[in-house]
Amino acid sequence: YTPFLPLQDSLLRGREIPFGAAVRRVLELAWYFIVSTAIQLLILLAPVVPIAAVAWLLVPGAGNAPPAGAHAAGAAVLAVVLSMGWFVVAATFQIFATPALVLDGRGPIRSIGVSVRLVGGHFWGILGRFLGFFVVLIFAGVIASAPVSFLTAAARAAGGTGSTPLLILETVWSSAVSALLFPFGVAALLLLYRALCPSSTVAASGPAPGVEALNP
């Protein structure tokens, strides 16, 4: 999704650049992006790996006689819940790291710090907006995929097992829907980032259309 960031950011500021120029912009920062991604993965997995290891050690005890087995299973479930909770929180705090790196030239480590600082005062607002947006996006995807889904269901109800042309149509249609909806997800990320961290052009002329200040 990274080439869409400079492309849509330029459009947001009233400029237009070729998609090839956006790709070159990302390729110029490829090394920094790789380092930043590796650091983000370490942050995400550092606490999860030991928690998952403890859960794995406790799972075999689930076969023992109660209450030992029940306690082990409960501990394993708690470990999984804690791991998923950490993953959601850490991923949310790092969500603006890539825009900070690609759009504003922040370093691989500094971009993560910028993201943590931006999310720190608006965690629930950012998380709620993203959850709401993706609910709408999933709903739109279901509606857009409905024609082929109905056609496939009708063919199977008629006794067909799914012919090759129908399978190809279903694959092509679902891929087209995903490709059409994908830029909107990047745009949602970009709008939130620019609401919290305007570029120098936007800061000088006021928020761009569609960008509003995000209150805590």
Side-chain angles (χ1 to χ4, degrees), residues 1-12 17 19 21-56 76 78-138 141 178-179 181-200 202 211 213-214 216:
Y1 78 94
T2 49
F4 279 92
L5 287 171
L7 179 68
Q8 293 181 342
D9 189 48
S10 298
L11 294 174
L12 186 66
I17 62 172
F19 187 71
V23 173
R24 286 195 300 271
R25 167 67 177 170
V26 174
L27 291 177
E28 291 172 356
L29 300 169
W31 173 245
Y32 293 133
F33 177 72
I34 292 173
V35 173
S36 178
T37 302
I39 296 173
Q40 292 177 55
L41 288 175
L42 287 176
I43 294 173
L44 286 173
L45 297 178
V48 172
V49 171
I51 293 175
V54 171
W56 182 82
L78 178 60
V80 172
V81 171
L82 290 176
S83 298
M84 293 302 297
W86 165 257
F87 188 84
V88 171
V89 172
T92 303
F93 271 98
Q94 297 179 106
I95 200 167
F96 296 129
T98 298
L101 190 151
V102 174
L103 299 178
D104 296 332
R106 309 296 174 92
I109 298 177
R110 190 181 178 190
S111 61
I112 298 174
V114 168
S115 180
V116 171
R117 177 177 59 82
L118 293 177
V119 176
H122 311 278
F123 178 82
W124 293 112
I126 291 172
L127 183 60
R129 282 167 171 80
F130 268 110
L131 289 177
F133 170 77
F134 281 109
V135 167
V136 174
L137 195 66
I138 291 172
S178 299
L181 294 179
F182 178 77
F184 291 95
V186 183
L189 175 65
L190 173 65
L191 288 174
L192 277 176
Y193 176 70
R194 282 308 182 204
L196 294 168
C197 186
S199 65
S200 57
V202 174
V211 178
L214 186 65

For salt bridge (charged side-chain N to carboxylate O under 4.0 Å, His left out), just list the numbers for Asp104 and Arg110, CA-CA rounded to whole Å, side-chain angles, deciding distance to a tenth of an Å, and then say yes or no.
CA-CA 11 Å; Asp104 296 332; Arg110 190 181 178 190; over 6 Å; no
Give the intermediate values and the outcome of side chain to side chain contact (heavy atoms under 4.5 Å, CB included) for residues Leu196 and Ile126.
CA-CA 10 Å; Leu196 294 168; Ile126 291 172; 3.7 Å; yes
Residues which pass side-chain contact (heavy atoms from CB on, under 4.5 Å) with Val23, listed by chain and number, not counting sequence neighbours
Pro3, Phe19, Leu27
Among pairs that include at least one residue of residues 80-103, which meet ring pair (Phe, Tyr, Trp, His ring centres under 6.0 Å), considering only residues two or more places apart or in two chains?
Phe93-Phe123, Phe96-Tyr193
Who passes side-chain contact (heavy atoms from CB on, under 4.5 Å) against Arg117, sequence neighbours left out?
Val114
Identify, with sequence neighbours excluded, every residue that meets side chain to side chain donor-acceptor pair (under 3.5 Å) alongside Gln40.
Ser36
Report yes if some heavy atom in the side chain of Leu190 is under 4.5 Å from a heavy atom in the side chain of Pro99; otherwise report no.
no
Looking only at non-hydrogen atoms, find the nearest pair between Val119 and Thr92 and report the distance.
CG2-O, 3.4 Å
With Tyr32 via ring pair (Phe, Tyr, Trp, His ring centres under 6.0 Å) - residues at least two apart
none
With sequence neighbours excluded, tell me which residues meet ring pair (Phe, Tyr, Trp, His ring centres under 6.0 Å) with Phe182.
Phe4
Please identify each residue that fulfils side-chain contact (heavy atoms from CB on, under 4.5 Å) with Thr37, with sequence neighbours left out.
Phe33, Leu41
Rounded distance [0.5 Å steps], CG in Leu29 versus OG in Ser111
10.5 Å
Show me the donor-acceptor pairs within less than 3.5 Å that the side chains of residues 42-53 make with the rest of the protein, sequence neighbours left out.
none

Side-chain touch Leu191/Leu12, heavy atoms, less than 4.5 angstrom
yes
Measure the shortest side-chain to side-chain distance between Leu11 and Ile17 over non-hydrogen atoms and say whether it is less than 4.5 angstrom.
no
Considering residues at least two apart in sequence or located in another chain, which fulfil the side-chain contact (heavy atoms from CB on, under 4.5 Å) criterion with Ile109?
Ile39
Quick check: does any side chain N or O of Arg25 sit under 3.5 Å from a backbone N or O of Pro6, one acting as donor and the other as acceptor?
no
Is the closest side-chain heavy-atom distance between Leu103 and Arg194 below 4.5 Å?
yes
Do you know the tightest heavy-atom contact between Leu101 and Pro108?
CD1-CA, 3.8 Å
Please test Met84 against Val88 for side chain to side chain contact (heavy atoms under 4.5 Å, CB included), starting from the C-alpha separation and ending with a verdict.
CA-CA 6 Å; Met84 293 302 297; Val88 171; 5.5 Å; no
I'd like to check the ring pair (Phe, Tyr, Trp, His ring centres under 6.0 Å) partners of Phe184; sequence neighbours left out, ordered by chain and number.
none
What's the separation between atom CZ in Phe134 and atom CG in Leu181, rounded to the nearest 0.5 Å?
11.0 Å
